[in-house]
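These notes concern the structure reproduced below.
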There are 2 protein chains.
Amino acid sequence: MARAALSPDAVVDLGLRIVDEEGPEALTLSAVAGRAGVATPSLYKHVRNLAELRVLVSGRVMGELAEVASEAVLGRSGDEALRALMDGWRSYAARHPHRYSAMIQSPRPETAETGDRLVGIILAALRAYGLEGQAAIHAVRCLRAAMHGFALLEAAGAFQLAEDLDESYALLARMVVSGLRAAGER
Amino acid sequence: MARAALSPDAVVDLGLRIVDEEGPEALTLSAVAGRAGVATPSLYKHVRNLAELRVLVSGRVMGELAEVASEAVLGRSGDEALRALMDGWRSYAARHPHRYSAMIQSPRPETAETGDRLVGIILAALRAYGLEGQAAIHAVRCLRAAMHGFALLEAAGAFQLAEDLDESYALLARMVVSGLRAAGER
DNA sequence: CGTATTCGGCTAATAGTATTAGCCTTTGAG
DNA sequence: CTCAAAGGCTAATACTATTAGCCGAATACG
């Protein structure tokens with residue numbers, strides 16, 4: 001191997017920094033090259049193209065989120081696990097709003113594994129509710145939709161009124177819990 | 001006035017067609033110009049720039065969604081109104097997935113009015129639940145997050161498993177209903 | 001050691017998009 | 001009929017992405 005310098009991971013690191021500081025639209029090869037102190041075409045030695053960089057960045061974010069989510073669920077169960085998962089999810093998004101928005105939701109082969117991991121964690125958080133088979137899938141979808149919708153809207157600044165967002169989120173959590181209880185009892 | 005030909009509205013129409021057919025990333029001034037049979041710079045006579053076109057397109061979509069939502073809520077109340085609102089919302093997003101994804105959630109002055117209208121409609125759909133003041137705001141936020149999250153994920157094809165999406169959405173609706181009942185009783 | 005290979009940078013060139021400036025024709029108002 | 005302005009056009013500039021091909025340095029190895 002030649003010089004250490006850049007690497008695909010290092011390029012993704014710089015990409016994440018740009019996303020954090022200037023938003024997902026600012027993630028551009030020339031911006032990354034600028035930060036790396038390198039000419040733009042040099043990046044192609046590490047990354048296939050801009051589209052792939054976006055996917056790699058997105059995959060990294062999904063991985064971080066999965067880490068947070070898994071940490072939250074570990075050692076807890078029932079309502080407590082669910083609350084911890086939801087809080088961890090939201091707080092990650094709030095800590096890194098641009099990063100969160102840079103996550104690609106359309107399925108890609110490159111992030112399929114991490115995506116499955118994330119779904120598995122959500123599923124695990126719901127274990128105590130006694131949902132079997134299909135019911136569990138529906139529940140995961142609803143929970144994911146609720147968390148994702150809230151996180152995105154909050155990250156975008158779409159909730160403009162002064163009311164406390166923590167309280168709004170607490171209500172969302174109560175909705176999910178009561179809905180899951182009802183679903184588990186059928 | 002000179003020739004009829006183009007107009008800001010016509011430009012937005014073409015933009016919507018492009019969004020529908022090729023996705024929001026394909027919304028480009030040169031693409032619009034191509035469809036309009038006009039040179040790209042000519043569009044600047046009707047629209048300030050690409051950013052403004054995006055906002056105008058987004059505003060149009062929000063307006064359509066508000067139309068659908070208002071239609072759904074009119075003449076209904078309680079669970080029925082809520083179900084109709086949720087179904088209308090999702091079905092709009094399912095009918096026009098790209099369009100739905102092109103909606104800008106970050107608040108812009110140009111779409112503030114339509115956005116407020118939309119929030120007002122959601123609020124109206126919740127009227128029967130007896131939520132007062134802040135509680136109503138929290139409820140609107142949760143409902144919005146749930147609908148938006150589900151719509152976005154479905155539009156992105158993020159729900160990959162075979163389980164029926166209608167059933168998943170029905171569960172989401174039950175979650176919301178039970179959560180609102182609980183919230184209204186406090 | 002010395003040398004061949006390859007890694008990882010560079011420059012040059014092409015292509016697509018946004019945007020501005022300034023021209024020119026048609027049209028509608030008077 | 002005239003003329004001002006609306007609305008189109010071309011030319012030019014500035015990015016950005018991407019490809020091709022060059023070249024030096026580090027590495028592997030005979």
Side-chain angles (χ1 to χ4, degrees), chain A residues 1-60 98-99 101-102 104 106 108-111, chain B residues 1-60 98-99 101-102 104 106 108-111:
Chain A
M1 258 185 275
R3 272 151 297 177
L6 280 183
S7 71
D9 271 351
V11 171
V12 173
D13 285 342
L14 290 171
L16 278 171
R17 227 175 291 170
I18 292 169
V19 167
D20 280 342
E21 294 170 20
E22 309 172 48
E25 342 68 38
L27 179 56
T28 197
L29 286 177
S30 91
V32 172
R35 298 218 177 193
V38 121
T40 307
S42 304
L43 296 177
Y44 288 82
K45 291 289 161 80
H46 305 285
V47 141
R48 193 183 311 284
N49 51 35
L50 177 60
E52 188 190 67
L53 174 58
R54 291 211 185 100
V55 171
L56 290 174
V57 165
S58 169
R60 187 84 141 258
H98 291 312
R99 210 177 271 221
S101 317
I104 298 171
S106 317
R108 313 257 167 185
E110 302 93 324
T111 56
Chain B
M1 258 183 275
R3 271 151 297 179
L6 278 182
S7 73
D9 271 352
V11 171
V12 173
D13 285 342
L14 290 171
L16 278 172
R17 226 176 292 171
I18 291 168
V19 167
D20 280 342
E21 294 170 21
E22 310 172 48
E25 341 70 37
L27 179 57
T28 198
L29 286 177
S30 92
V32 172
R35 298 218 177 193
V38 120
T40 307
S42 303
L43 297 178
Y44 287 82
K45 291 287 161 80
H46 306 284
V47 140
R48 191 183 312 285
N49 52 32
L50 177 59
E52 188 190 67
L53 174 57
R54 290 211 187 100
V55 171
L56 290 175
V57 165
S58 169
R60 188 86 141 257
H98 291 313
R99 210 177 270 221
S101 317
I104 298 171
S106 317
R108 315 258 167 183
E110 303 93 325
T111 56

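In what follows, every heavy atom counts, from backbone to side chain, and hydrogens, waters and symmetry copies are set aside. This is a predicted model, so every value here is computed, not measured.
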Nearest-Å distance for atom pair [atom1]/[atom2], residues [X] and [N]:
X: R48(B); N: dA18(C); atom1: CZ; atom2: P; value: 17 Å
X: Y44(B); N: dT20(C); atom1: OH; atom2: C1'; value: 9 Å
X: N49(B); N: dA14(D); atom1: CG; atom2: C1'; value: 16 Å
X: L43(A); N: dA20(D); atom1: CG; atom2: C1'; value: 17 Å
X: L27(B); N: dT17(C); atom1: CG; atom2: P; value: 12 Å
X: R54(B); N: dA18(C); atom1: CZ; atom2: C1'; value: 11 Å
X: E25(A); N: dC15(D); atom1: CD; atom2: P; value: 19 Å
X: L50(A); N: dT17(C); atom1: CG; atom2: P; value: 15 Å

**Request:** Walk me through it: do T28(B) and I18(B) pass the test side chain to side chain contact (heavy atoms under 4.5 Å, CB included)?
**Result:** CA-CA 9 Å; T28(B) 198; I18(B) 291 168; over 6 Å; no
**Prompt:** Can you list the steps and then say if R99(A) with V57(A) is a side chain to side chain contact (heavy atoms under 4.5 Å, CB included)?
**Reply:** CA-CA 9 Å; R99(A) 210 177 271 221; V57(A) 165; over 6 Å; no
**Request:** Using the side chain to side chain contact (heavy atoms under 4.5 Å, CB included) rule, take L56(A) and E110(A) through it: C-alpha gap first, then chi angles, then the decisive distance, then the call.
**Result:** CA-CA 8 Å; L56(A) 290 174; E110(A) 302 93 324; 5.9 Å; no
**Prompt:** Closest heavy-atom contact between A39(A) and A33(A)?
**Reply:** C-CB, 4.0 Å
**Complete:** Between L50(B) and L27(B), the two heavy atoms sitting closest are CD1-O, 3.7 Å
**Item:** Under 4.0 angstrom between H46(B) side-chain N/O and dA6(D) OP1 or OP2
**Value:**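 No, H46(B) has no side-chain N/O under 4.0 Å of OP1/OP2 on dA6(D).
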**Message:** Would you say T28(B) places a side-chain N or O within less than 4.0 Å of OP1 or OP2 belonging to dT17(C)?
**Reply:** no
**Request:** Please name all residues satisfying side chain to side chain donor-acceptor pair (under 3.5 Å) with E21(B), sequence neighbours left out, ordered by chain then number.
**Result:** R35(B)
Using the 3.5 Å cut-off, write out each protein N or O paired with an N or O of nucleotides 9-12 of chain D and the distance between them.
{"unit_1": "dC9(D)", "atom_1": "OP2", "unit_2": "A39(B)", "atom_2": "N", "d": "2.7"}
{"unit_1": "dC9(D)", "atom_1": "OP2", "unit_2": "S42(B)", "atom_2": "OG", "d": "2.5"}

**Complete:** Out of dA18(C), dG8(D), dA17(D), minimum distance to the side chain of L6(B) belongs to dG8(D)
**Side-chain (S7(A)) to main-chain (A10(A)) donor-acceptor, under 3.5 angstrom** =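 It does hold such a pair.
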